[in-house]
Amino acid sequence: MTNRADVQPLKQRVQAEVDQLTPELLATSRFLHANPELAYEEHKAAERLTAVLEQHGFAVTRGVAGLPTAFTARAGSGRPRLAFLAEYDALPGLGHACGHNLIGTASLGAALAVKAILDKTPGEALVVGCPAEEKGGGKISLVESGVFAGTDAAMLVHPSNRTETVKLALGMRELTVEFFGKASHAAASPEQGINALDAVVLGYTGIGALRQQVRSDARIHGIITHGGQAPNIIPDYAAACFYVRALDLAYMDELFRRVVGCFEAAAQATGCRVKITPAGKDYHPYKPVYALAELFQHNLESLGETVDQGPVDRELGSTDVGNVSQVVPTIQPMLQISPREITCHMTAFAEAAISDAGHRGMLLAAKAMAMTAVDLLAEPATLSRVSAEFRGRPSS
Ligand SMILES: [Zn+2]
């Protein structure tokens, strides 16, 4: 068993590895940025990342979980098994405006650096190539396929306009609702019609009333996708698409039932037939593991970076990282690469993702993740603390 005295040299070793790998990491990040690919179409990115991993001795499996652009790459053996999540999809029209070129490359760099110490300590470095973060949620399929079974911790770092080690994410379920009524002349014979648009509008306003009685973390929002063909025809078909979000799954289930209730009531009020279809797979809320986030923060600060942690429940979205966090202790710290007024999904953020600041952040992220891996690999008590918090037991 490795003792505490051995941790610092191992941390220095992984930092030196990242320094040595810097030209290769920069070239990889620039390649991904110059070749933006949309969700599930990230063939060049997956090929580039797996090629680098193979050159460095990782055992690569391409096309896991039925996703052609997903992959796993393994080095070392035994436990702990630590997963580095690589994202690499881009946004329509905006390229890498979410900085996934940096996420993928930082996780690559961390894993390559950790491999260099796996001859000194037991354990496995697992890189999981995760397609389609922006649309579809590739990690949901990866979790369902069991890729994370036997994994002790997972990490990735997201570029941001602020450095924070914990940020929650909302669970999310999508539904489509369709109402089927009866067309009729809106002036000459309205009494013959059954108005599907009225049903959508009643459902929409019902949800508006519901919102006043929901928890502050809940979000229910939607659009009307079909509202009729012409003003002089009673619409016989109308449809809407809604998202229901909350910070815990049980509450999200309850809200979903109440939203369904609003639409069923609207169907009854109008005489329409209603069809409600959950669309896509649930995004799960992010389950924080503060013990793991603190390790990362300590390592990041030791590299000279300042953490500016805000409230963990502010400005929340949803991510498929949440699904991973429900099955493995997971961190997704945010690392500042842009001024505060430039946020992700802006054109200017795509520029930040290829800037010196972006690449500085990527290298810092690789180092801090590799150092956090050292903590978990070399100190069993540290890993136990993380596992205990994840399982909901008091930390010791
Ligand atoms: Zn994004």
Side-chain angles (χ1 to χ4, degrees), residues 38-40 42 46 61 63-73 81-89 98 100 103-104 106-107 126-158 165-175 217-219 242-256 278-290 292-293 296 312-313 315-334 344 369 386-387 389-392:
L38 299 182
Y40 297 120
E42 314 94 329
T61 306
V64 298
L67 307 175
T69 55
F71 66 86
T72 58
R81 179 183 295 150
L82 305 179
F84 302 92
L85 308 185
E87 295 176 354
Y88 33 78
D89 59 323
C98 207
H100 292 189
I103 298 178
S107 290
L126 167 68
V127 181
V128 182
C130 306
E133 193 280 333
E134 295 292 351
K135 185 172 180 291
K139 294 184 200 70
I140 303 174
S141 302
L142 289 163
V143 168
E144 287 175 352
S145 76
V147 161
F148 294 98
T151 302
D152 295 284
M155 51 188 114
L156 71 165
V157 174
H158 203 298
T165 47
V166 182
K167 193 172 171 72
L168 301 182
L170 299 164
M172 182 176 91
R173 183 176 299 166
E174 182 179 347
L175 68 87
D217 58 291
R219 297 285 185 275
F242 268 79
Y243 291 177
V244 178
R245 308 195 205 214
L247 272 177
D248 81 68
L249 280 177
Y251 192 58
M252 190 173 89
D253 279 338
E254 182 190 327
L255 284 178
F256 188 83
K281 293 173 175 174
D282 286 358
Y283 282 71
H284 289 178
Y286 171 64
K287 175 177 174 177
V289 182
Y290 290 94
L292 189 53
F296 180 88
V312 296
D313 57 355
E315 296 169 14
L316 300 184
S318 301
T319 168
D320 57 5
V321 174
N323 296 61
V324 179
S325 80
Q326 296 290 335
V327 296
V328 184
T330 301
I331 50 168
Q332 182 179 224
M334 304 285 143
C344 63
M369 281 194 283
V386 167
S387 306
E389 183 186 334
F390 180 73
R391 287 194 305 266

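Only heavy atoms go into these numbers, but all of them, side chains included; no hydrogens, no water, no symmetry mates.
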Q: Could you walk me through whether Val324 and Val128 pass the side chain to side chain contact (heavy atoms under 4.5 Å, CB included) test, one step at a time?
A: CA-CA 11 Å; Val324 179; Val128 182; over 6 Å; no

Q) With no hydrogens and no angle check, is any side-chain donor or acceptor of Asp320 less than 3.5 Å from a backbone partner on Gly138? A) yes

Q | Rounded distance (nearest 0.5 Å) linking atom OH of Tyr88 with atom SG of Cys98 | A | 15.5 Å

Q. How close do Ser318 and Arg245 get, heavy atom to heavy atom, and via which atoms?
A. OG-NH1, 2.9 Å

Q) So, does Thr165 use its side chain to make a donor-acceptor pair with the main chain of Pro333 at under 3.5 Å? A) no

Q | Whether Arg219 side chain and Tyr243 backbone form a donor-acceptor pair below 3.5 Å | A | no

Q) Roughly how far, to the nearest 0.5 Å, is CE of Met155 from CG of Leu82? A) 5.5 Å

Q.
Just verifying a value: how many Å separate Lys167 NZ and His158 NE2, rounded to the nearest 0.5 Å?
A. 10.5 Å

Q | Under 3.5 Å donor-acceptor, Tyr283 side chain and Gly137 backbone | A | yes

Q | Side chain to side chain, Pro285 and Leu168, heavy atoms closer than 4.5 Å | A | no

**Q.** Intermediate values then yes/no, side chain to side chain contact (heavy atoms under 4.5 Å, CB included), Tyr286 and Ile331
**A.** CA-CA 9 Å; Tyr286 171 64; Ile331 50 168; 4.1 Å; yes

Q) Does any donor atom in the side chain of Glu134 or His100 lie under 3.5 Å from an acceptor atom in the other side chain? A) yes

**Q.** Residue pair Asp89 / Leu38: nearest heavy atoms and the distance that separates them
**A.** CB-C, 4.3 Å

Q. If only atom types and distance count, is the side chain of Ser107 paired as donor or acceptor with the main-chain N or O of Phe84 below 3.5 Å?
A. no

Q) Of all heavy-atom pairs between Ala293 and Val166, which one has the smallest distance, and what is that distance? A) CB-CG2, 3.5 Å

Q) Do you know the tightest heavy-atom contact between Phe148 and Ala83? A) CE2-CB, 4.3 Å

Q. If you take all heavy atoms of Thr319 and Gln332, which pair is closest and at what distance?
A. CG2-NE2, 4.2 Å

**Q.** Spacing of Leu292 atom CG and Ser325 atom OG [to the nearest 0.5 Å]
**A.** 11.5 Å

(Q) For a 4.5 angstrom cut-off between non-hydrogen side-chain atoms, does Leu142 reach Pro131? (A) yes

Q.
Please check if the number of heavy atoms outside Tyr40 that lie under 6.0 Å from its OH is greater than 12.
A. yes

Q) Can you check whether Lys139 reaches Asn323 side chain to side chain, under 4.5 Å on heavy atoms? A) no

Q. Would you call Pro329 and Glu389 a side-chain contact if the rule is heavy atoms closer than 4.5 Å?
A. no

(Q) Rounded to the nearest 0.5 Å, what separates atom CE in Met252 from atom CG in Asp217? (A) 11.5 Å

(Q) To check you understand the geometry: which heavy-atom pair defines the closest contact between Thr330 and Val328, and what is its length? (A) OG1-O, 2.7 Å

Q. Between the side chain of Asp282 and the main-chain N/O of Arg173, is any donor-acceptor distance below 3.5 Å?
A. no

Q.
Run Glu87 and Val321 through side chain to side chain contact (heavy atoms under 4.5 Å, CB included) and show every step you take.
A. CA-CA 10 Å; Glu87 295 176 354; Val321 174; 3.8 Å; yes

